[in-house]
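Labels below follow one simple rule: chain letters A, B, ... track the order of the sequence lines, proteins then strands, and each chain is numbered from 1. Side-chain atoms are counted along with the backbone in the values below, which use heavy atoms only and exclude waters and symmetry mates.
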2 protein chains.
Amino acid sequence: MLKVPVFPDSAPMPPSPSAQALHPAGKRTGRADPDSARCLMCKVREYNLCSSIEDHDVTVLAQATRQISLPPGTAVIEEGTPASAFFNVINGTVKLFKSLPDGRRQITGFADAGQFVGLSNSRTYSFGAETVSTVLLCRCTHTQIENLLAEYPGFARHLLSAVTHELADAQEQMLLLGRKTAKEKVASFLLDRIKQYHRTHPHDPDAETTASVPMTRVDIADYLGLTIETVSRTISTLRRDKIISGTENHCIRILSLPNLQDIAYGLKSI
Amino acid sequence: MLKVPVFPDSAPMPPSPSAQALHPAGKRTGRADPDSARCLMCKVREYNLCSSIEDHDVTVLAQATRQISLPPGTAVIEEGTPASAFFNVINGTVKLFKSLPDGRRQITGFADAGQFVGLSNSRTYSFGAETVSTVLLCRCTHTQIENLLAEYPGFARHLLSAVTHELADAQEQMLLLGRKTAKEKVASFLLDRIKQYHRTHPHDPDAETTASVPMTRVDIADYLGLTIETVSRTISTLRRDKIISGTENHCIRILSLPNLQDIAYGLKSI
DNA sequence: CGTTTATTTGACCCTTGTCAAGAGTAGTGG
DNA sequence: CCACTACTCTTGACAAGGGTCAAATAAACG
């Protein structure tokens, strides 16, 4: 049978306390140790990949991963370097991007709390990743991911589901980049940010009308395939048209969600 | 544990002779039946997902799938309809696309022989699919894919690898759509077509300099986020600059691969 | 061989990019 | 607490890449 590793030939990693063989599948620890408590109490555990590993096996996870905190603007993954690690975002936002030799850049997505970063099929990363805000990450080597995949069938299925979802998002973004106008692009982006805010603040009564935009105009422009000037002008227009309200730059309030939706999908001729 | 099906709640399918329960894992058939011969002799078997199922289990595959042949321009998947089937492309090319309400369309990719179409995480397809040329497909219900995933761990891993690869392609295409000029887009597209021709015609001595372009200008334009006029003009310019040669429309000969590569990555200022 | 459809080419214009300057904002340190 | 500096963001004037509309060619097909 053809071998098709998801993480082929992971580059050798510097030895770390947590870089040890996983427990055999199904082995139970009598009770939670301090490490597994970290995973059990993790605020994104129920939303992300880790939910595939049941509570009583969580020691495996805790020993396979290490948490790191990074300030805004820090490189997490360097485009073209050996692909060796995988990251879960616990808190904050990470941007993923690809670049051209002359420096032009396309941000392919933002990974918020609960999402992951660093899946690669090839020996090197085909994309870069950098923190947008202060970010808490859970790091795991590809070798350890391979072990989890081999021991927990549910994990492979969960990962497949997550990647399939990402692919659908990527296709939606291709539609945006190839066929939408600047105004439609910005409106679509704001809708995504509202959804994201709603996911992470389900109990905020204003969640329906709030968009958290932690990224700069440069990042928004590189995400939407525009220039910062066009992004700025378009947001100003939306403010002038009373579709959004103009208090702050990084927390936008939506005055007319239906109008914004119509614009995003090209139903508003204006 | 949270259940995360890759094909949730597959829509009920009309009963078909091949829509029956799979054989139990590991059950061997004494020798190949006519059905399994179809799979064993399949010309893409060694390249595609089916290689995850070993030869002695191939009856399972043969009974789970049905081959269909479709003329050019036939809808394979209707955007927004219930997601119920999955297709392997045995021969020909299928285009995948998303549309806006007013008819604007973005082709998100072309699936050539050996690739698959129809993976979906949601109840309905978020994209459409249509044949470009005459196409031979191998159809399989999502229910049957679920069974294969449950019984053959290698299959889930193979599928994960394939989807991860598709995601990387999608990211590369986002870079193209968001940040490349018309000339760079067309050059990148031609390079992809050369690679594709090389894969499918490994013994052709001209494979290094040949690009098969079965799709129309409309499809190319919808794939690159341009208009047909711009695609046409750009190809004419490449011909005038002696980078490609102008014999036919659907089989392009490359005169200077290095130049084409430089243009595709923005290294050629012209 | 004529009809239909796909492609090319031209003329013109609009959306978005480029260049440049001004206005906010956020830190920093006296 | 208030300058000072360094960004980030906004706005304006202008240019250009690519879109739109229209017509001419070239292929494809019965």
Novice: Return the value, rounded to whole Å, for the distance between atom CD1 of I235(A) and atom C1' of dT11(D).
Specialist: 14 Å
Novice: Figure out the CG/C1' separation between D219(A) and dT8(D), and round it to whole Å.
Specialist: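 After rounding, the gap between these two atoms is 12 Å.
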Novice: Flag the pair R104(B) and D222(B) as a salt bridge only when some basic side-chain nitrogen lies within less than 4.0 angstrom of an acidic carboxylate oxygen.
Specialist: no
Novice: In this structure, how many angstroms lie between the C1' atom of dT20(D) and the CZ atom of R104(B), rounded?
Specialist: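 About 15 Å, once rounded to whole Å.
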Novice: If the helix axis at each end comes from five base pairs, how far does the helix from dC1(C)-dG30(D) to dG30(C)-dC1(D) deviate from straight, to 10°?
Specialist: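 The end-segment axes of the helix from dC1(C)-dG30(D) to dG30(C)-dC1(D) are tilted 40° relative to each other.
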Novice: Rounded to whole Å, please give me the gap between CD1 in I244(B) and P in dT7(C).
Specialist: 14 Å
Novice: Mind checking side chain to side chain donor-acceptor pair (under 3.5 Å) for S188(B) and listing every partner two or more places apart, or none if nothing turns up?
Specialist: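 Per chain and number, S188(B) pairs via side chain to side chain donor-acceptor pair (under 3.5 Å) with K180(B).
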Novice: I228(B) CD1 to dA6(C) P: how many Å, rounded?
Specialist: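 Atom-to-atom, I228(B) to dA6(C), this comes out as 9 Å.
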Novice: Classify every nucleotide of nucleotides 10-22 of chain C by which part a protein heavy atom approaches to under 4.0 Å, writing B for the base, S for the sugar-phosphate alone and - for neither, in 5'-to-3' order.
Specialist: BB----SSBB---
Novice: Round to a whole Å and report the spacing from CG of D222(B) to P of dA6(C).
Specialist: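 Checked: the CG to P distance equals 13 Å.
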Novice: Is it the case that the side chains of E79(A) and S99(A) hold a donor-acceptor pair, with the cut-off being a distance below 3.5 Å and no angle test?
Specialist: yes
Novice: Quickly work out the D102(B) CG to dT20(D) P distance and round it to whole Å.
Specialist: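 Result: 11 Å.
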Novice: Indicate whether OP1 or OP2 belonging to dT7(C) is found under 4.0 Å from a side-chain N or O atom of H250(B).
Specialist: yes
Novice: Please name all residues satisfying salt bridge (Lys or Arg N to Asp or Glu O under 4.0 Å) with D219(B), sequence neighbours left out, ordered by chain then number.
Specialist: K95(B), R105(B)
Novice: Under the side chain to side chain donor-acceptor pair (under 3.5 Å) criterion, do T65(A) and R38(A) qualify, and how do the steps go?
Specialist: CA-CA 10 Å; T65(A) 59; R38(A) 190 194 76 208; 2.5 Å; yes
Novice: Could you verify whether a donor N or O on one side chain and an acceptor N or O on the other, from T93(B) and D112(B), lie under 3.5 Å apart?
Specialist: yes
Novice: I need the CD-P distance between E184(B) and dG18(D), as an integer number of Å.
Specialist: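 Nearest whole value for this atom pair: 9 Å.
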Novice: Not counting sequence neighbours, which residues clear salt bridge (Lys or Arg N to Asp or Glu O under 4.0 Å) with R199(B)? List them please.
Specialist: none
Novice: Quick one: side chains of residues 258-265 of chain A, donor-acceptor pairs under 3.5 Å with protein atoms, not counting sequence neighbours, listed by atom name and distance.
Specialist:
from, atom 1, to, atom 2, distance (Å)
N259(A), OD1, K268(A), NZ, 2.7
N259(A), ND2, S256(A), OG, 3.1

Novice: OP1 or OP2 of dT11(D) versus the side-chain N and O atoms of S232(A): is any pair under 4.0 Å?
Specialist: no
Novice: Classify the ring geometry of F86(B) against F116(B): parallel below 30°, tilted from 30° to 60°, perpendicular beyond 60°.
Specialist: parallel
